Structures are given as structure tokens and as C-alpha cells.
Amino acid sequence: QVQLVESGGGLVQAGGSLRVSCAASGRTFSSYTMGWFRQTPGKERDFVAAIDWSGGNTYYADSVKGRFTISRDNAQNTVYLQMNSLKPEDTAVYYCAAHRRGVTSINYDYWGQGTQVTVSS
């Protein structure tokens, strides 16, 4: 089992950048595929990005490809989402998640509590 805590959300102007982090508990962090999702009120939670256990394979939603970068530091039990060229439509609560399946699977087992990202126009 793994527990996830997101941080780094905030308010940023359109065109700006922000990095959100997710700290994981437990000694088996490096065995998990990690993902980021986002959700706005009244809508379903949408997949954003994923990274495999080694960091060697990543997977992105088309809406963020080329603007967002997912990375991980297994020594620090942390996964990051670097968000550049932010748009108002990127405004959402961002959630970190974990599972032990392939990087393209979006069926996650563990979730953090979320961190709010707001992009002003």
C-alpha cells in the first residue's frame, strides 16, 4: 500500500509555469506506475500523464502533450508534474495516483487528496 500527498498547487497567470509534487510513503514506491489526473467541478476526473516505475516510459493526454512533463525521483519517493504554457482550461484539482500495471493503464488503485491549480487569463 502507498499513501500519496500532493503539493505545489496555486494561482498562476496564463502562459506561466507551475510544478506540482506528490510525495509517497512506503518502501516500494519504485515499483509503482505513477500518474496525474485532474478534475473540475461537475466533470469526471481526466487522465493527464503517467510514468512507469523506472521513469523510462511516459504517457500523456493529447491536451497536455508538449506542455507538461512528468518525472520521478525514486530516491525521494516523489513524482512531479512540470506544467508550462499554462492555459485557463488547465484549471483543476490535480490528483496523484499509483498502481502496479503498465504505464498506459488508467485504472489506478491509490489516490492523493488533490491540489488546486488555478490559471488566470
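Here the structure is a predicted model, which means the values were calculated and not measured.
Annotation for K43: atom NZ does not count as buried by contact number, only 12 or fewer foreign heavy atoms lying within 6.0 Å. By the neighbour-count criterion of 12 heavy atoms within 6.0 Å, atom CD of Q3 is sparsely surrounded, having that number or fewer from other residues, nucleotides or ligands.
Once rounded to the nearest 0.5 Å, the distance linking OG1 of T69 with CZ of R19 reads 11.5 Å. Of the inter-residue distances, the one linking S71 atom OG with L81 atom CG reads 8.5 Å to the nearest 0.5 angstrom. Distance CG/N74 to CE/M34: 9.5 Å, rounded to 0.5 Å. Atom CZ of residue R45 and atom OG1 of residue T40 lie 11.5 Å apart, to the nearest 0.5 angstrom. Considering OH of Y94 and OG of S21, their distance stands at 14.0 Å, rounded to 0.5 Å. Expressed to the nearest 0.5 Å, how far OG of S17 lies from CD of Q82 amounts to 5.5 Å.
S85 contributes no side-chain N or O that, together with a main-chain N or O of R67, makes up a donor-acceptor pair within less than 3.5 Å. Looking only at distances, a side-chain donor or acceptor of D52 sits under 3.5 Å from a matching main-chain atom of N57. No donor-acceptor distance shorter than 3.5 angstrom exists from the side chain of T118 to the backbone of T91, with no hydrogens or angles considered. Formation of a donor-acceptor pair under 3.5 Å by the E6 side chain with backbone atoms of Q113 is found in this model.
Using a 4.0 Å cut-off between a side-chain N of Lys or Arg and a carboxylate O of Asp or Glu, R101 and D109 qualify as a salt bridge.
Placement of I51 and V48 within a single hydrophobic cluster is found when ILVMFWY residues are connected by side-chain heavy-atom separations under 4.5 Å, directly or transitively. When the side chains of ILVMFWY residues are joined at heavy-atom separations under 4.5 Å, either directly or via intervening members, Y60 and V117 end up in a single hydrophobic cluster. V64 is not connected to Y59 by any chain of hydrophobic side-chain contacts under 4.5 Å among Ile, Leu, Val, Met, Phe, Trp and Tyr, and they are in different clusters. V119 and F37 end up in different hydrophobic clusters when Ile, Leu, Val, Met, Phe, Trp and Tyr side chains are linked at under 4.5 Å.
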>> As a quick check of understanding, evaluate side chain to side chain contact (heavy atoms under 4.5 Å, CB included) for S105 and T33, giving each step before the final call.
In response: CA-CA 9 Å; S105 171; T33 291; over 6 Å; no
> K87 and D90: salt bridge (charged side-chain N to carboxylate O under 4.0 Å, His left out), yes or no, with the steps?
Replying inline: CA-CA 5 Å; K87 306 174 182 179; D90 294 318; over 6 Å; no
>> Could you go through F68 and L86, starting from their C-alpha distance and side-chain angles, then the distance that decides it, and tell me whether this counts as side chain to side chain contact (heavy atoms under 4.5 Å, CB included)?
In response: CA-CA 9 Å; F68 291 11; L86 282 160; 3.8 Å; yes
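When side chains are defined from C-beta on, W36 counts as touching C22, because their heavy atoms get closer than 4.5 Å. Contact check for L4 versus Y95: no side-chain heavy atoms found under the 4.5 Å cut-off. Between V103 and W53 the shortest side-chain heavy-atom distance does not fall below 4.5 Å. Side-chain contact between T28 and V2 is absent, with no heavy atoms from C-beta onward closer than 4.5 Å. Contact annotation: the side chain of R38 approaches that of S63 to within less than 4.5 Å [non-hydrogen atoms, C-beta and beyond].
Nearest heavy-atom pair, L11 versus S120, reported as atom, atom and distance to 0.1 Å: CD1-CB, 4.2 Å. Nearest heavy atoms, V79 versus C96: CG1-SG, 3.8 Å.
Of the residues listed (Y108, W111, Y110), the one engaging H99 in a ring-ring contact (aromatic ring centres under 6.0 Å, His included) is Y108, and it is the only one.
A cation-pi contact links R72 to F29, judged by a cut-off of 6.0 Å to the six-membered ring centre and 45° from its axis.
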